[in-house]
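Order of the sequence lines sets the chain letters (A, B, ...), proteins ahead of strands, with each chain counted from 1. Keep in mind that what you see is a predicted model, and the values were worked out from it rather than measured.
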There are 2 protein chains.
Amino acid sequence: GILLKNVQKVYKSGDVEVQALKNVSLTLPEGTISVILGPSGSGKSTLLNVIGGIDRANGGEVHIFDQAIHEFNDDQLTEYRRKYVGFIFQSYNLIPTLTVYENVEVGAEISESPLPIDEVLKGVGMYDKKDKFPQQLSGGEQQRVAIARALVKNPRLLLCDEPTGALDEETGKTILRLLQDVHRQFGTTILIITHNQGISAMAHWVVKMKSGELVECAKNEHP
Amino acid sequence: GILLKNVQKVYKSGDVEVQALKNVSLTLPEGTISVILGPSGSGKSTLLNVIGGIDRANGGEVHIFDQAIHEFNDDQLTEYRRKYVGFIFQSYNLIPTLTVYENVEVGAEISESPLPIDEVLKGVGMYDKKDKFPQQLSGGEQQRVAIARALVKNPRLLLCDEPTGALDEETGKTILRLLQDVHRQFGTTILIITHNQGISAMAHWVVKMKSGELVECAKNEHP
Ligand SMILES: Nc1ncnc2c1ncn2[C@@H]1O[C@H](COP(=O)(O)OP(=O)(O)OP(=O)(O)O)[C@@H](O)[C@H]1O
Ligand SMILES: Nc1ncnc2c1ncn2[C@@H]1O[C@H](COP(=O)(O)OP(=O)(O)OP(=O)(O)O)[C@@H](O)[C@H]1O
Ligand SMILES: [Mg+2]
Ligand SMILES: [Mg+2]
């Protein structure tokens, strides 16, 4: 599953240092759904980025599915991400020159066992807008395309940074059900940063961050 | 206050037409706090953009503080926005080459009666990071800078597009209290698009959108 030991992450700009992750140790079993909670600026996105191989820790160990990714060079990290990781970014990161369909297709092309693109688009309610471009979409529509792109890849590890932040309650519930379906069908390991109570309620594990520190990692009493 | 009559807004791309606003009529008194609710893609941001003079309606009338802004040319709209409107964008729209402090200062410079920049930065909890750049901030930190920039302008009309979307519950409540303080102190007219129950509860008026139509505009029974 996921194993972090004494992970440090420091951001330096000039002589200012931000300790984004301070001595974080964490164990999460494969095939579970975990939520990551904590105040704004507490290190949640940084933690997810390190687990997803998008960012490197400055210290400590990061083992994902028995791979010691803290020792990987750039090419190895790129291969690790391609092979294992689906990422839903807090700021979507859609490609402005590609349509909705093409943005999701990118997720399918780098996968060894992708889901059907049309199916996933229908699942997030964006099939009717598949030929539109990101700047022609509402905030929540852009978020749903980012979700579709990660889902279609059908990754072993799905990392979701506030996947329902821009969505109303009903649409948020639809996305929640999609994540649960994927988990049930494929045994996907899912990590979700969220402020959404509904998502927290369905998680198997709850991880709490505060000022760069892990303050709790506990089984969810009320899943 | 705010008066809309039979407002239409159509987005065209090629031969595809999206009716983002269909015959929207709306009256909201000056000096009140209103929430705009509705599913993703229902037209909330478009409505706010038309009220704020950021986008033009294709049909109907838009009267804000007795100004017929649907008749304004570009220069007049720019002056209207400068004079009356503070906007918190759904995607923040911070200037990447300016620091946090400088981004907020932009809001102060175009105002006739700005609030003290340091005070507002402390209010949103971003004073310690005032010399950082947007790409060095977490999602919620960027959102708080966008909020500060609008607040410091001390506008007569404050338009907030999902101002707490990226914030945890505690920080969201802080922002809520700030908005209420501003309203109490200055009689600011505030429109807030949100999925946040706490904000909805404190509004005087509730506006509901569905598929581009206004389906309800009612006094809030439980403010
Ligand atoms: N620039 C644009 N070009 C074409 N269509 C657009 C554009 N902006 C918005 N739309 C469409 O207009 C409709 C309303 O969009 P709007 O952004 O107002 O929705 P919203 O209620 O704010 O949604 P959300 O809650 O997802 O932010 C949507 O169907 C959207 O796809
Ligand atoms: N590229 C960067 N350069 C410098 N500092 C950074 C950078 N990215 C993040 N930080 C800082 O690291 C800390 C943790 O940021 P992170 O994005 O992990 O927080 P978060 O918990 O995801 O917050 P939010 O809920 O607001 O998204 C914050 O104090 C932030 O200012
Ligand atoms: Mg974050
Ligand atoms: Mg919107």
Closest-packed option against chain B by number of heavy-atom pairs under 4.5 Å, given [options]:
options: A:Q197, A:E169, A:H195; result: A:H195
options: A:G172, A:S42, A:G165; result: A:G165
options: A:D161, A:L167, A:T171; result: A:L167

More than 12 heavy atoms of other residues, nucleotides or ligands under 6.0 Å from [atom1] of [X]: is that the case?
X: A:K208; atom1: NZ; result: no
X: B:K22; atom1: NZ; result: yes
X: A:K122; atom1: NZ; result: yes

Q.
Looking only at heavy atoms and a cut-off of under 4.5 Å, which of B:S13, B:S40, B:A166, B:P39 has the most pairs with chain A?
A.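 Result: the option with the highest number of such pairs is B:S40.
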Q: Go through B:Q142, B:E162, B:E170, B:K44 and name the one with the most non-hydrogen pairs under 4.5 angstrom from chain A.
A: B:E162
Q) Roughly how far, to the nearest 0.5 Å, is CD of A:Q143 from CD of B:Q90? A)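 B:Q90 CD to A:Q143 CD: 9.0 Å, rounded to 0.5 Å.
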Q: Can you measure from CE (A:M209) to CG (B:D168) and round to the nearest 0.5 angstrom?
A: 13.0 Å
Q.
Between A:K132 and B:V16, is there a side-chain heavy-atom distance shorter than 4.5 Å?
A.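 No - every pair of side-chain heavy atoms lies 4.5 Å or more apart.
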Q. Where on A:S45 is there a heavy atom nearer than 4.5 Å to chain B: the side chain, the backbone, both, or neither?
A. neither
